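Scroll down for the structure; my scribbles are underneath it.
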Amino acid sequence: MNREEALFRFLLQLGDTTLIMGHRVSEWCGHGPVLEEDIALANIALDLIGQTRLWLGLAGEVEGRGRDADALAYLRDAFEFRNLLIAERPNGDFGHTIMRQFLYDAWSALTLQRLQASSDRRIADIARKAGKEVAYHLERSADLCVRLADGTEESHDRMQAALNLLWPYTGEMFTPGDPERELAETGAVPNPTELRDEWLTITERLRTEGGLAMPDGGFAHLGGKSGRHSEHLGYVLAEMQWLQRAYPGAEW
Amino acid sequence: MSRTETPVSEIWSLLAQVPDPEIPVISVVDLGIVRHVRWRGDECEITVTPTYSGCPATSVIEMEIQRVLREHGIDRVSLKRRIFPPWTTEWLSDKGRDSLERYGIAPPRAAGEPEKCPQCGAVDLELVSRFGSTPCKAQWRCRDCLEPFDYFKCI
């Protein structure tokens, strides 16, 4: 893999993850448990889709084959997507969605922090912009997780169940794929393994303030970064892409 | 036809008439998203820095800018989006901040929370939700007059 190809693949990892995560979160629109949460979720989804435009836009530029962010989002099939598996997990209940958001936000905030120092100026610029947004998302998802975990017996149990279910999907965040191995040496991107300790410190709040038991299993579901996805991604893409597939080039 | 003789300062005045589509009491200039205006040959180049990367108002704003300039005879307009340096609420003008407050939106503060209720001026306030009706706002409530209000998030 040459450098450009590695860069393209790495940008797909970021852009596909924000895209699929954004789509999942947007599924809550009109279904939130209370109006404020509904609005908050829609806003977060919007930020994630906005970040997707930046990452996939740059990916298309790097690839240099005339594909823009729309073409990459709407006209690729599941095996070409490079998102983290955690992003395509179904929403489950509200607690599960917020737990997924927190685990993801913590990783995303750390990743963007590192990318601000990327030797690639274009990546650093996007990371600065997105980093501001994600820092705000993280504040909210962290507080909500703690409140729900330290809430009623019912909410506590649901948050514990969500954490147990999602934990095996967090290892992938810290397992470098081919593009990261290639690029980390050039200083363009961080080695994700190095983010893990800080991530554990952030998520430790679930135990210290929320009273949850942190799972200790080291098993990690992998595959998203190399295009091997769970069955859920196909359904997401079917809903997201059908219009462009049925009416190619449609605009509104 | 393009009126390249229109001075840049006049173009800034025209842009000061373009309202933010979501918060029409402030202009795109007061919001601080217009970063640069210049002539490049017979083309007017305007650089815009979006507030939030997913803000749906950005493309509406770009259309409005083109419309207003066209109405004043400037047909050749190119819009550039620049994300660095990222937009910050520090770029809001003082006039913009006053207009927001009069409109009922508490202006952003570095402390991260509103100073007082834009309705009654009381300072006993509580956060209702970190997100409001647009990406740039949060929802707060005044414990004195009990009215909810929007707070322009500080970023």
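What you are looking at is a predicted structure, and each value in this text was computed from that prediction instead of being measured. Computation of the quantities below employed the complete heavy-atom set of this structure, encompassing side-chain atoms and omitting hydrogens, waters and symmetry-equivalent molecules.
Between atom OH of residue B:Y52 and atom CG of residue A:D47 there is a gap of 7.5 Å, rounded to the nearest 0.5 Å.
Of the atoms belonging to A:L54, it is side-chain heavy atoms, and not backbone ones, that fall under 4.5 Å from chain B. A:L48 does not touch chain B: none of its heavy atoms, backbone or side chain, sits under 4.5 Å away. For B:P85, no part lies near chain A; criterion is any non-hydrogen pair under 4.5 Å. With a 4.5 angstrom heavy-atom cutoff, B:T134 touches chain A only via backbone atoms.
With respect to A:D143 and B:R130, a salt bridge is recorded, a charged nitrogen being found less than 4.0 Å from a carboxylate O.
For the pair A:R121 and B:F84, the distance from NZ or CZ to the six-membered ring centre is under 6.0 Å and the angle to the ring normal is within 45 degrees.
When every heavy atom of B:T88 is checked against every heavy atom of A:K132, the shortest pair comes out as CB-NZ, 3.6 Å. For A:L46 against B:P135, the heavy-atom pair with the smallest separation is CD2-CG, 4.0 Å. Here the shortest heavy-atom pairing between B:T51 and A:K129 reads O-NZ, 2.5 Å.
Between B:Q139 and A:I39 the shortest side-chain heavy-atom distance falls below 4.5 Å.
No more than 12 heavy atoms of other residues, nucleotides or ligands lie within 6.0 Å of CZ in A:R53, so this atom counts as exposed by the packing criterion. At most 12 non-hydrogen atoms from other residues, nucleotides or ligands lie less than 6.0 angstrom from CZ of A:R147. Other residues, nucleotides and ligands contribute at most 12 non-hydrogen atoms within 6.0 Å of the CD atom of B:E90.
Residues B:S53 and A:E133 have side chains that bring a donor and an acceptor to within less than 3.5 angstrom of each other.
Relative ring orientation between A:Y136 and B:F131 is described as perpendicular, the plane-to-plane angle rising above 60° on a 0-90° scale split at 30° and 60°.
A distance-only check finds a donor-acceptor pair linking the side chain of A:N43 to the backbone of B:G132 [under 3.5 Å].
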Exercise for the section: Check the pair A:R128, B:I83 against side-chain contact (heavy atoms from CB on, under 4.5 Å), reporting the backbone distance first and the verdict last. Expected result: CA-CA 9 Å; A:R128 281 197 186 92; B:I83 60 163; over 6 Å; no
